[in-house]
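Quick notes on the structure that follows.
Values below: every heavy atom of this structure, side chains too, minus hydrogens, waters and symmetry copies.
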Amino acid sequence: MMENESICPNLSLKKRLIGFAVCCVVAMCFTTLSLFMLFKKQYAVFAVCFSLSNVIALASTMFLVGPKKQFKKMLHPSRLVSFCVFVGAMIGTLICAFTIKNTALIIVLCIVQWLAFIWYSLSFVPCAQKCVKSLCQRMLGV
């Protein structure tokens, strides 16, 4: 897992884990800030902070596996659709926030962004997507 392709190959495992954790905390701070901006009805700032938090959370894994390996994993067939939906929703969120300024659409796109990120993340856990899909089917009676 920890190859010489990490962002900082000279960092020890402990320091890379710290870098990963710091990025995750920063991402959570931006998410929290985005929620405050949502309640203050500053939708453009909300969209930027929310999208930035997701980018930072995604980038945090580069401390663990390195950028090259991370990009390879992003483009793997099991993740490609969710990654493209994630990026598309992020771009759509920012476009809506700065041009269309449609609050409902911004919130819907942020929800899509969040769901795509979760689905993408689940693809790294063996059988997780299958279990979640099965659970949703049972809950919906399908």
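Residues Leu58 and Phe86 meet the side-chain proximity criterion, which asks for heavy atoms closer than 4.5 Å. Taking 4.5 Å as the limit, every side-chain heavy atom of Leu80 sits out of range of all side-chain heavy atoms of Met74. Taking the side chain as every heavy atom from C-beta outward, Met90 and Phe117 never approach each other to under 4.5 Å.
Rounding to the nearest 0.5 angstrom, the gap separating the CG atom in Leu109 from the CD1 atom in Ile106 is 8.5 Å. Note that SG of Cys110 and CG of Leu105 are 9.5 Å apart. Values are rounded to the nearest 0.5 Å. Between atom OG of residue Ser123 and atom CH2 of residue Trp119 there is a gap of 9.5 Å, rounded to the nearest 0.5 Å. Atom-to-atom distance recorded for Phe46:CZ and Leu33:CG is 11.0 Å, nearest 0.5 angstrom. To the nearest 0.5 Å, atom CZ of residue Phe83 and atom OH of residue Tyr120 are 6.5 Å apart. Note that CD1 of Ile91 is 12.0 Å distant from SG of Cys96, once rounded to the nearest 0.5 Å.
Under the rule for a side-chain hydrogen bond (donor to acceptor under 3.5 Å, both in side chains), Ser60 has no partner lying at least two apart in sequence or in another chain. Residues passing the side-chain contact (heavy atoms from CB on, under 4.5 Å) test with Lys14, sequence neighbours excluded: Ser12, Ile18. With sequence neighbours excluded, no residue satisfies side-chain hydrogen bond (donor to acceptor under 3.5 Å, both in side chains) with Gln129. Annotation: side-chain contact (heavy atoms from CB on, under 4.5 Å) contacts of Leu115 (sequence neighbours excluded): Ile111. Every residue meeting the side-chain contact (heavy atoms from CB on, under 4.5 Å) condition with Val25, not counting sequence neighbours, appears here in chain and number order: Cys29.
Legend: ring pair (Phe, Tyr, Trp, His ring centres under 6.0 Å) pairs involving residues 94-116, not counting sequence neighbours: none detected. Applying the ring pair (Phe, Tyr, Trp, His ring centres under 6.0 Å) test to every pair with at least one member in residues 15-41, sequence neighbours left out, gives no pairs at all. Pairs passing the side chain to side chain donor-acceptor pair (under 3.5 Å) check and including a residue from residues 84-103, sequence neighbours excluded, read Thr93-Gln113. Here side chain to side chain donor-acceptor pair (under 3.5 Å) pairs that include residues 28-46, with residues two or more places apart or in two chains, are Thr31-Ser53.
Cluster membership for Leu52 and Met28, using ILVMFWY side-chain heavy atoms within less than 4.5 angstrom, is not shared.
The backbone N or O of Val48 sits nowhere less than 3.5 Å from a side-chain atom of Ser51 that would complete a donor-acceptor pair.
Taking a 4.5 Å side-chain heavy-atom cut-off between Ile, Leu, Val, Met, Phe, Trp and Tyr, the cluster of Ile100 contains only that residue.
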Legend entry - Step-by-step side-chain contact (heavy atoms from CB on, under 4.5 Å) determination, Ile107 to Leu38: CA-CA 9 Å; Ile107 292 171; Leu38 178 63; 3.9 Å; yes
